[in-house]
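What follows is a short report on a single structure.
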There are 2 protein chains.
Amino acid sequence: MAAPLLRLAAANDGDADGRFSPRTIPEQLAEELGADIVAGRRKAGERLIELDLAQNFGVSRGPVREALRILERKRMVDLLPRRGAYVRPLSLKSIADLFNVRLALSLLAARTMATAPVESYVETLARRCTELNDMVETSDPIAFARVTTRAVRTIAHGSGNELLLELSIDLANQTVWETIWKTPLDYLTQDVRREAADLMAETLEAVRKRDPEAAVRSLRLLLENDRDRALAVLTDLRKEAGDLSAISSG
Amino acid sequence: MAAPLLRLAAANDGDADGRFSPRTIPEQLAEELGADIVAGRRKAGERLIELDLAQNFGVSRGPVREALRILERKRMVDLLPRRGAYVRPLSLKSIADLFNVRLALSLLAARTMATAPVESYVETLARRCTELNDMVETSDPIAFARVTTRAVRTIAHGSGNELLLELSIDLANQTVWETIWKTPLDYLTQDVRREAADLMAETLEAVRKRDPEAAVRSLRLLLENDRDRALAVLTDLRKEAGDLSAISSG
DNA sequence: GATTTGTCAATTGTTGACAATTGACAAGAG
DNA sequence: CTCTTGTCAATTGTCAACAATTGACAAATC
C-alpha cells in the first residue's frame, strides 16, 4: 500500500470554537481517522495498529499516538494500555444517550442565561431566531438544522458557564453528529420547522423576561422533539440497511 | 536538582471506575503532577516545561507529553500547540460552574432512573440512604459527604446512560473535588445532614414510584443546598487566606 | 484430554537525537 | 522615540531505534 500522505488540511475555519490554534499534525490525523470511522471505512471494534497508521499517513508513530489520544477523548476509540486502540462501537442507544446529555446541558444553559442575560448573547440569539423564522418557508432542512445547532450553542455561550460550553463543544464535535448530518433530514418538514422556530422564539422571549422556568420549558420541548424525530429516523435507517458499520445495534 | 524518580504508585484501588487497567507511567506522572497542582506546589498559570518535568521524574519527554494530555483532559492544564502547557487557574466561578454541571447531569440521571428503574441500582441507592440516615447522628461530615457523593454516583449508574456516567466520573475526578474534600466541612451540621438524608430518601421514594418529576425535585433541592453551602465556605476561605494558590479570584 | 509452561513474532512503551517554531531582545530605519 | 527587522536561545514537534509486554501456538506435564 503506497503512502497516501496527508492532504494538507483545507481552510482552518476555526473548528466551531473560537480558538485559532495552529492545525497540528496529530489533529489532522485524528480528523482523518475520525472521518474514516464515521464513514465505516474502519469498522466498530476494529483494532488500530500504530505502525500501520503511521505508514499509511506517512508520519512516524509519535503523532499517531497523540491522534489516538485525541480520538479517545472524543470517545471514538478505546485505548487499552499495552493492548492497543480499538474503534468504539456506536450503538443507537449511545446516540440517544448523547442527545439526552446535550439536552440536560442545554437546559442548564438556558436556565442560567435566563437568570442573568448578557445583552450581546441575547442579541445573537435573536438573530438566530430571525434566521430560523426566515428558513421556515424555504426548504433546506440541513441549513435549518445547522442554525438550530448554532442557536443552542449561543445559549451555551450565554450561560457564561465555561465548563458547560466546553462540554457542549466536545459533544458537538463528537462524530455522531457528523453521522447524523448525513442522515436524511426529511423529517424537518415545514410544520416541524415552524414549531421549532416558534419554540426558539419563546425561549428567547423567556430569556428576555428573565423567566428561567419558561426558557427551560420551551427549549426542552424543542430539543425533545428534535431528539425523538432524529432517533426515529436513525432507527428506521437501521432497519433498512444493515451497513453503516459505525452504528451497531447495541 | 537530583532525580526524585517515581514512587511506584501505591495500591491500584480501581480509580473510582470499574476498570483495572494496568497503571502506566504517564498515568502516574499525571497523578503526581495533578497532586502538585492541587497542593499549590505548581501555581496557576505556571508554565510546565516538558524537559524539566522529564528530568524531575526521571523519564524521557514522551511519557511526560502523554501525562500532559491526560491532565488536559482533566481540565487541569491548558495545552497550546507549540507554546507549551500551563496549569489552569481554578477560579471560584469555575468551581461554581462545575457544581452546576454536575447538578444538571445528576438531575438527568435521576429523571432517567425514575423513568425505568433497575432493581439492583434501586437497592444500592436504598442502602446508601440507610447509611446516610445512620450518619445523621454521628458527627463525621467527611464520611457523610463521601456517601452522598456515592449515592449520586449510584443514580448516575442507575440512569443507564453511559455517557452521562462517564462524564460524571470525569468531573468527579476533577481535582477541584480533591480541593473541596480538604476544606472544612463543618457546614454539614446535624440539621443539614438530617435534611440531606431526608431529601435523598425522598428521591429514592420517587424513583420507586416512577415519578421522575418528584425525583428531580428532591435531588435538585439536595444538590442546590450542597452547592450553595460549599461555595459559601470556599468564598469565606478565600477572604481569610490569600494563598491556596490553585484557587484564584477569577 | 485438559492444563500448564516455554517460545516467538507482533505490537506497544520509551528513549535520545534532530528539525522546526516561538518569543525576546538587540540593531537599525523611519 | 517608536516601530520594524534580524538573530538566537529555549522549547516543542517529529523521528527512528531499542526495550518490554502481550497473545498465540506448540510442547510438555499431569
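Quick note on labels: first sequence line is chain A, next is B, and so on, each numbered from 1.
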Nucleotide [N], atom [atom2] - distance to [atom1] of [X] in whole Å:
| X | N | atom1 | atom2 | answer |
| --- | --- | --- | --- | --- |
| A/I49 | C/dA10 | CD1 | C1' | 8 Å |
| B/R69 | C/dG13 | CZ | P | 15 Å |
| B/L79 | D/dG13 | CG | C1' | 12 Å |
| B/L68 | D/dG13 | CG | P | 10 Å |
| A/L51 | C/dA9 | CG | C1' | 14 Å |
| B/I25 | D/dT21 | CD1 | P | 10 Å |
| A/E46 | C/dT11 | CD | P | 13 Å |
| B/Q55 | D/dA10 | CD | C1' | 13 Å |

Please determine if a side-chain N or O atom of [X] lies less than 4.0 Å away from the OP1 or OP2 oxygen of [N].
| X | N | result |
| --- | --- | --- |
| B/R61 | C/dT15 | no |
| A/R47 | C/dT12 | yes |
| A/R83 | D/dG23 | yes |

Would you call [X] and [Y] a side-chain contact if the rule is heavy atoms closer than 4.5 Å?
| X | Y | result |
| --- | --- | --- |
| A/I70 | A/M76 | no |
| A/L103 | B/L108 | no |
| B/D36 | B/V87 | no |

Taking everything shown except B/E162 itself, do over 12 heavy atoms lie less than 6.0 Å from its CD?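 No, CD of B/E162 has 12 or fewer neighbouring heavy atoms, counting only those of other groups under 6.0 Å.
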How is A/G62 classified with respect to the nucleic acid when contacts are heavy atoms under 4.0 Å: base, sugar-phosphate, or nothing?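 A/G62: no heavy atom of the nucleic acid under 4.0 Å.
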B/S60, nearest nucleotide to its side chain (from C/dT15, C/dG13, C/dT22):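 Nearest nucleotide to the side chain: C/dT15.
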In terms of side-chain heavy atoms of B/P63, which of C/dT12, D/dT12, C/dT15 is nearest?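 Per side-chain heavy atoms of B/P63, the pick is C/dT15.
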Return the minimal non-hydrogen interatomic distance between A/K93 and B/N161, and the atom names on each side.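 Reported closest heavy-atom pair: NZ-CA, 4.1 Å.
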